[in-house]
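Structure record follows, encoded as structure tokens.
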Amino acid sequence: MYLTGVEVDAVPTETRKVGLLTSGGDAPGMNAAIRSVVRAACARGWTVLGFRRGLTGLIEGDFVELAPRAVANILQHGGTVLKTARSEAFRTEAGRQEARAVLDANGVSALVAIGGDGTFRGVHELARIYRGSVVGIPATIDNDVFGSDETIGFDTAINTALDAIDRIRDTASSHERIFLVEVMGRHSGFIALAVGTAGGAEEILVPEVATDLDECCKRLVEANRRGKAMSILVVAEGEHEGDAFAIAEKVKARTGFEPRVTVLGHIQRGGRPTARDRILATKLGAYAVDVIAAGRTDVMVGEVGGDLVTTRLEDTGTRKKVLDPYLLRLIPILAR
Ligand code: F6P
């Protein structure tokens with residue numbers, strides 16, 4: 001459920017100390033979000049403590065105070081200056097109790113966690129035992145978080161992958177070859193659907209839609225018969241038929257073609273954030289501070305239909321964001 005109604009303002013409220021961290025897989029635009037949180041909080045006269053290496057640093061009490069100038073010249077860089085990690089310890093009640101104790105011992109009255117659904121599951125549990133505010137900011141290249149049309153990092157990642165696909169198309173066309181391009185998105189096909197559409201892929205294989213590989217191979221053979229000798233298949237890494245190499249073997253066995261495979265991998269996670277990601281990160285960072293000022297907790301900020309909204313952290317994990325059904329229907333129509 002979306003919750004709205006928090007006014008954007010910079011009215012001074014009681015002095016607060018805000019904890020800030022980035023967690024899970026990094027995403028371009030995380031630095032822009034850090035900068036925005038720090039400066040919006042400091043504009044209210046608050047203090048910000050940046051915890052290093054995500055929830056791991058929170059448990060260990062590893063933090064640094066972030067003044068406005070400490071976040072200068074970072075918004076144009078990929079990665080995260082606070083570092084990030086995936087914390088096993090935070091999955092346990094004992095780990096979360098340690099984190100709560102660190103927050104209380106340092107007088108931190110609000111925590112902003114920048115990350116994806118795994119991070120939000122963890123900090124939602126923290127919100128049960130911590131008296132301060134807990135606010136999430138969605139940042140993952142996978143775009144698989146309910147409660148925001150896009151997550152920070154998605155736009156940069158799809159543009160990076162698209163650049164690669166355009167290059168592959170050149171060589172695929174010259175050699176009249178079939179290419180399988182594997183893109184990230186552990187359990188979701190948002191990246192695959194976006195870059196497959198923008199890159200004119202003949203087939204887009206995503207975990208959300210059952211793949212009929214026999215039919216797919218028939219279409220490749222038929223296209224070849226019509227004189228279309230090159231094809232690009234974009235494969236999401238979470239595809240049920242297997243990874244791109246496994247699928248290439250199956251395609252080879254069923255068609256006799258000799259496909260080539262390119263796995264884009266972590267290249268998609270790095271690089272300068274696009275303007276769109278920087279703007280989204282800037283809005284969501286400042287809005288997270290507004291939400292804290294309004295006394296809210298256990299929510300994620302997001303942008304839906306152009307509006308800044310909040311969604312219960314619990315809902316970000318239990319409700320599923322769906323792929324654009326219109327785009328899904330278009331793929332076979334456009335691949336001629
Ligand atoms: O969650 C973002 C993501 O990039 C996924 O798309 C991918 O499956 C995963 O992280 C890779 O994680 P790691 O960097 O830990 O291998």
Side-chain angles (χ1 to χ4, degrees), residues 21-33 52-57 77-91 113-124 136-148 150-165 180-196 199 204-209 234-247 261-274 277 280-281 284 300 302 313 316-317 320-323:
L21 56 83
T22 50
S23 169
D26 63 349
M30 278 183 161
N31 283 327
R52 298 188 188 90
R53 289 172 293 111
L55 299 167
T56 305
H77 296 301
T80 161
V81 293
L82 283 176
K83 313 292 182 200
T84 186
R86 301 187 200 274
S87 170
E88 283 305 317
F90 204 83
R91 291 179 198 270
I114 305 172
D117 57 344
T119 300
F120 298 152
R121 263 192 300 280
V123 295
H124 167 62
I137 298 179
T140 163
I141 65 164
D142 292 355
N143 195 31
D144 58 347
V145 180
F146 178 84
S148 191
E150 282 190 13
T151 53
I152 297 164
F154 175 64
D155 186 61
T156 308
I158 61 177
N159 279 291
T160 301
L162 183 60
D163 180 62
I165 286 178
L180 286 91
V181 183
E182 186 179 295
V183 297
M184 273 190 165
R186 203 188 326 233
H187 306 299
S188 64
F190 288 96
I191 297 176
L193 183 58
V195 301
I204 304 174
L205 280 54
V206 294
E208 290 89 340
V209 179
V234 173
V235 182
E237 68 176 336
E239 164 59 32
H240 301 303
E241 281 286 340
D243 65 17
F245 287 101
I247 296 172
V261 175
T262 302
V263 178
L264 297 185
H266 289 79
I267 285 170
Q268 296 158 96
R269 283 233 301 250
R272 292 172 64 231
T274 58
D277 269 332
L280 179 65
L284 296 186
M300 182 196 84
L313 283 176
T316 66
K320 201 163 165 49
K321 186 153 110 187
V322 294
L323 295 178

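One-based numbering, in listed order, for ligands and for the atoms of each. Bear in mind that the values here come from a model prediction, so they are computed numbers and not experimental data.
For residues 136-146, the set of pairs meeting the salt bridge (charged side-chain N to carboxylate O under 4.0 Å, His left out) definition, not counting sequence neighbours, is empty.
At a 3.5 angstrom cut-off on N or O pairs, Gly185 counts as close to ligand 1.
Of all heavy-atom pairs between Leu323 and Gly189, the closest is CD2-C, 3.7 Å.
At least one heavy atom of Arg86 sits less than 4.0 Å from an atom of ligand 1.
Considering only non-hydrogen protein atoms, atom 8 (O) of ligand 1 sits nearest to Glu237 OE2, 2.4 Å. In this structure, atom 11 (C) of ligand 1 lies nearest to the protein heavy atom Arg269 NH1, 3.5 Å. When hydrogens are left out, the protein atom nearest atom 1 (O) of ligand 1 is Asp142 OD2, 3.2 Å; that is the closest non-hydrogen contact.
Asp277 places no side-chain N or O within 3.5 Å of a backbone atom of Ile152 that could act as its donor or acceptor partner.
In the vicinity of His266, heavy-atom distances shorter than 4.0 Å reach the ligand 1 atoms 13 (P), 14 (O), 16 (O).
At a cut-off of 3.5 Å, with distance as the only test, a side-chain donor of Thr274 or Asp155 sits close to an acceptor on the other residue.
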Hey, can you pull the donor-acceptor pairs under 3.5 Å for the side chains in residues 180-188, sequence neighbours left out?
{"from": "Glu182", "atom 1": "OE1", "to": "Ala244", "atom 2": "N", "distance (Å)": "2.9"}

